Amino acid sequence: MIVMKFGGTSLRNAERIKAVAGIIKSRLKQSPVVIVSAHHGVTEQLIAAARTPSPLHYARIRNLHRRITKELGLPLFVVEPLLKELEDFLETIRPDIHRSVTLKEMDEILSFGERFSCRVMAGYLNKINIPATSLDAYDIGMLTDSHFGNARPLPQSHKDITARLRPTIHSGRIPVVTGFIGKDREGNITTLGRNGSDYTATIIGAAVGASEIQLWSDVHGIMSADPRLVHNAKPVPAVSFNEAGELAYYSRRFHPSTLTPAIHKNIPVRILNTYEPTAPGTTISAARPKKTTVPDKAVKTIVYKKDLFLVTITSGRMLMQYGFLAKIFSVFAKYKIVIDMVATSEISVSCTTDRKDHIREALKEIARFAGVQLDEKKAVVCVIGENIKYLNGLSADIFMALKRAGVKIHMISYGATGINIAFLVDNRDVRKSVRSLHRLIY
Ligand code: ASP
Ligand code: MG
């Protein structure tokens, strides 16, 4: 059994939905369980519809679903009852200047996106004689806590999903399940957070003991570098769970919990492209690092993140003192500022964050007991690969290459696990840095 999850861009119109159906058809032997996101852009439209009283957004959502349904040659009743339900619901919660929608109401509204696309996908599969059943995730056991907007599945879900998917699977019908949504114990609809459909896929994959969890979208899997910066960047065939964990920080594409259920059950996750269904994509699995001395085998990818703040804190009193770092970090914690990279010396601490909110207030507070400096427009560039620890002299080569490219380095971090070497540069040096490192390694 495999899980196949299709993202919103892969379901953006009738033509792409037909392509997806073709991909499902080509893998029927592996007994797929299909998970779908909302059609591209629908989640955003639903957010807009919930926030503004204008009927325009609802009209757009209605037209899009009617158009897709018609173009697929499906009867309108596949979407009409849900459209009516959405329209009524929006009517009852109409926000105004005195009241904005609650997180709970928002989750109910957002759930419509996946509920629509799941019915459309199953409807189309049936139309082309692939027996399929559309299922709302909460009806097959996706039980979550009541953390609206960012709900977590409860442990009980695991058993329930296993049991409740079984009848559909045994009947030979393809289950087509809504990504992203669940219900809490009171029966309120919840969502797992933006991009949560991938997380649904791994939760369900773990519950049914899938041999593989496939995440289909319309881009290549993981690339050796950003193809917008490096024209000969190439797809990376395999990364480990640990490497993917490091990568997740640099890509907004992933819900942070996506890999957890797969890691638990040791199920490989594959990232695949609907435009190139036979390409191998990238497999994320528990593969063990193998000793190598070849850079292009050890380094998997070069990534970056721009627009970071660099905070430098200095204090003469730090010398031979304890508790100083604790004091600084308790201020960051108070303002909920997430710190990414840290470097310390006897009398100074440098750290980076991407959170603009409250940084100035936090620094004001720290300034009462230490010197502070804030620099903006910094970027972290990171070389990721579980085997880089075996490459003697890689850091020397990296810094030589950067020196030759004329890049100024502000901070360096080489983690204890030896998975990555990261350094901080100016935003404007990212292109140069990534290019020169890619040339060095590939
Ligand atoms: N439709 C939801 C979103 O756009 C969930 C997902 O696409 O994974 O965030
Ligand atoms: Mg989406």
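Please read all numbers here as calculations on a predicted model, not as lab measurements. Residue indices begin at 1 and follow the sequence shown. All ligand and atom numbering here is 1-based and tracks the order in the structure.
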| contact_flag Gly196 ligand 1 heavy-atom lt 4.0 Å |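 Distance cut 4.0 Å: Gly196 passes for ligand 1.
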| Non-hydrogen atom of Glu114 closer than 4.0 Å to ligand 1 |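 Checking ligand 1 against Glu114, which is what was asked, there is a heavy-atom contact under 4.0 Å.
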Can you list the ligand 1 atoms lying under 4.0 Å from a non-hydrogen atom of [X]?
X      : answer
Ser37  : 6 (C), 7 (O), 8 (O)
Thr43  : 1 (N), 2 (C), 3 (C), 4 (O)
Arg194 : 3 (C), 4 (O), 9 (O)

Cut-off 3.5 Å, no hydrogens considered: what does the side-chain donor-acceptor table look like for residues 140-147, sequence neighbours left out?
residue: Thr144; atom: OG1; partner: Thr190; partner atom: OG1; Å: 2.7
residue: Asp145; atom: OD1; partner: His147; partner atom: N; Å: 3.2
residue: Asp145; atom: OD1; partner: Arg152; partner atom: N; Å: 3.0
residue: Ser146; atom: OG; partner: Asp184; partner atom: OD2; Å: 2.8

| Which class fits the ring pair Phe112 and Phe89: parallel under 30°, tilted 30 to 60°, perpendicular over 60°? | tilted
| request: Pick out which of Thr312, Thr352, Asp429, Asp426 makes a side chain to side chain donor-acceptor pair (under 3.5 Å) with His410. | output: Asp426
| Can you list every pair that meets ring pair (Phe, Tyr, Trp, His ring centres under 6.0 Å) and has a residue in residues 59-87, with sequence neighbours left out? |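 Qualifying pairs: His39-His65, His65-Phe116.
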| said: Against the six-membered ring of Tyr335, is Arg355 placed for a cation-pi contact (under 6.0 Å from the centre, within 45° of the normal)? | reply: no
